[in-house]
Number of protein chains: 2
Amino acid sequence: MPTPEARVRDGAATRRRALHVALDLFTRQGYGATSLRQIAEELGITKASLYYHFPRKDAILQAILQERGTEAEDVLAWLRAQPPPAAALEPAVLRWVESSSAEKLRGIRFLQANPLVADGLAGTGAERIGTPLATLADELVALVPHPAPEDALLLRMALLSINAAVAAAAQSDVDDDVVLAAARRSARALVRELLADLPRDEPREPPGVARVSPGTEDRR
Amino acid sequence: MPTPEARVRDGAATRRRALHVALDLFTRQGYGATSLRQIAEELGITKASLYYHFPRKDAILQAILQERGTEAEDVLAWLRAQPPPAAALEPAVLRWVESSSAEKLRGIRFLQANPLVADGLAGTGAERIGTPLATLADELVALVPHPAPEDALLLRMALLSINAAVAAAAQSDVDDDVVLAAARRSARALVRELLADLPRDEPREPPGVARVSPGTEDRR
DNA sequence: GTCTATAGTGGGATAGAC
DNA sequence: GTCTATCCCACTATAGAC
């Protein structure tokens with residue numbers, strides 16, 4: 001669409017590059033610790049030029065967040081289309097975990113580096129990640145017979161297996177494939193742990209709990 | 001020790017209160033986003049007075065970090081005193097997870113809110129948390145027959161179960177007891193998942209090295 | 001030990017020329 | 001679309017009185 005006499009500098013391209021560079025810096029240094037000057041420098045332009053593309057600093061953040069977050073809704077739709085509820089739990093959780101592409105891992109790493117920035121930004125697409133995931137968690141907990149608060153938490157942990165895997169892999173260069181594989185195994189193991197203690201909830205003593213420190217048993 | 005004519009204002013107490021308030025604010029808003037003015041205001045003193053107790057802002061951070069981090073060494077010592085290696089894995093991981101008190105949870109929440117601040121601070125006690133844990137992870141991986149990179153990651157995830165539980169419980173007020181219980185169950189489930197796939201890992205093929213991405217084998 | 005006052009720096013943001 | 005120049009503000013940190 002650019003007219004023949006368009007400048008050598010391509011605005012749209014600069015904008016894209018800016019988003020890429022910014023996400024990178026935000027992930028490595030944190031949002032607050034990254035200045036516009038630094039982003040501009042990396043792009044080879046000036047701070048003021050950056051303002052042509054984004055009216056405010058957090059507009060960059062918004063633009064980054066706005067491009068993701070429909071996966072949870074997809075899994076929700078699938079889940080609601082399933083006839084029998086109980087057996088759907090593990091497939092649903094795995095479906096969510098599987099939906100993590102390499103591109104999504106970048107997003108997860110960013111969110112883990114900026115945990116507070118995420119929920120400080122209401123109405124900007126940030127809750128398009130959090131809220132649907134919470135809804136998904138809620139609907140999945142409903143599939144568990146007698147969900148104790150501890151069970152709900154364990155289920156959330158299963159859903160967040162990718163996040164846990166990314167966190168565990170931080171600062172020890174591991175391939176994304178390995179991270180995803182570990183996340184899958186974790187999700188499966190946690191769902192099964194969740195369902196295992198359900199039928200015969202507490203017969204007498206749990207069959208194989210290593211008693212490490214006496215007196216740290218809780219109620220449940 | 002204060003002389004009878006000591007001021008009504010108790011310096012040591014102010015310092016303690018400052019550390020408590022600071023940890024709180026750092027956790028809620030992040031280290032960078034918390035100003036000295038804000039901390040001082042909450043204490044009922046001025047910025048300048050705060051400088052009497054701490055020469056620089058990050059001295060507050062150091063003082064906070066310096067009070068923790070021997071648990072991993074304790075578990076290491078216990079581990080090395082165990083005669084038969086293989087069976088010690090699950091007890092060791094649980095021992096580490098069990099060592100989380102309510103006070104430690106505060107620390108974990110802080111670190112999760114400030115993931116980058118932690119590793120940006122070398123020589124200040126920050127690595128007294130990270131390094132021993134890494135060592136513990138390494139020694140534990142050695143107990144696994146044919147540790148693939150994916151297995152090592154899964155083991156780290158087991159050790160970090162408390163962190164994952166805290167993360168999953170964020171912004172949905174859950175009792176610390178419940179968080180700890182979920183962490184324990186997660187740790188157990190992950191260790192068992194780790195050991196389950198081992199005996200009959202892959203009957204032929206390289207003796208048990210999950211070939212996920214060729215060429216990412218590391219040294220050690 | 002706490003105060004007031006201020007120096008110095010770096011950040012986000014705007015105006016207007018090219 | 002990118003530039004130079006500039007404004008304004010909040011923050012860290014210091015000096016010195018009480």
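What's counted below: heavy atoms across the whole structure, side chains too, no hydrogens, waters or symmetry copies. Residue numbering restarts at 1 for every chain, and letters A, B, ... go by the order of the sequence lines.
Phosphate contact (OP1/OP2 of dG1(D), side-chain N/O of Tyr52(A), threshold under 4.0 Å): present. For dG1(D), neither phosphate oxygen OP1 nor OP2 lies less than 4.0 angstrom from any side-chain nitrogen or oxygen of Thr14(A).
Applying the ring pair (Phe, Tyr, Trp, His ring centres under 6.0 Å) definition to pairs two or more places apart or across chains, none involves residues 34-53 of chain A. Residue pairs meeting the ring pair (Phe, Tyr, Trp, His ring centres under 6.0 Å) criterion with at least one partner in residues 159-189 of chain A, sequence neighbours excluded, do not occur; the list is empty.
Here Ala102(B) pairs with Asp176(B) under the side-chain contact (heavy atoms from CB on, under 4.5 Å) rule; sequence neighbours left out. Residues satisfying the side-chain hydrogen bond (donor to acceptor under 3.5 Å, both in side chains) test with Asp24(A), not counting sequence neighbours, are Arg28(A). Considering only residues two or more places apart in sequence or on other chains, Arg15(A) meets the salt bridge (Lys or Arg N to Asp or Glu O under 4.0 Å) condition with none of them. With sequence neighbours excluded, the residues that form a salt bridge (Lys or Arg N to Asp or Glu O under 4.0 Å) with Arg37(B) are Glu41(B). In this structure, Arg17(A) has no salt bridge (Lys or Arg N to Asp or Glu O under 4.0 Å) partners at least two apart in sequence or on a different chain. Residues passing the side-chain hydrogen bond (donor to acceptor under 3.5 Å, both in side chains) test with Ser49(A), sequence neighbours excluded: Thr46(A). A search for salt bridge (Lys or Arg N to Asp or Glu O under 4.0 Å) contacts involving Arg56(A) returns Asp58(A), not counting sequence neighbours.
Per the geometry, CZ belonging to Arg16(A) stands 13 Å off P belonging to dG1(D), to the nearest Å. Atom pair Arg56(A):CZ and dC8(D):P shows a separation of 21 Å (rounding to whole Å applied). Atom CG of Leu36(A) is separated from atom P of dT2(D) by 15 Å (rounded to the nearest Å). The NE2-C1' distance, from His53(B) to dT14(D), rounds to 17 Å in whole Å.
When the local axes at the two ends of the helix from dG1(C)-dC18(D) to dC18(C)-dG1(D) are compared, using 5 base pairs at each end, they differ in direction by 10° after rounding to 10°.
Looking only at distances, a side-chain donor or acceptor of Thr34(A) sits under 3.5 Å from a matching main-chain atom of Gly30(A).
Contacts between residues 37-51 of chain B and DNA chain D, counted as heavy-atom distances below 4.0 Å, involve Arg37(B), Lys47(B), Ala48(B), Tyr51(B). Listed by residue number, there are no residues of residues 25-32 of chain B with a heavy-atom contact under 4.0 Å to DNA chain D.
Comparing dT12(D), dG11(C), dT2(D) against the side chain of Ser35(B) picks out dT12(D) as the nearest.
Ion pairing of Lys104(B) with Glu71(B) is absent here, as no side-chain N (NZ or NE/NH1/NH2) approaches a carboxylate O to less than 4.0 Å.
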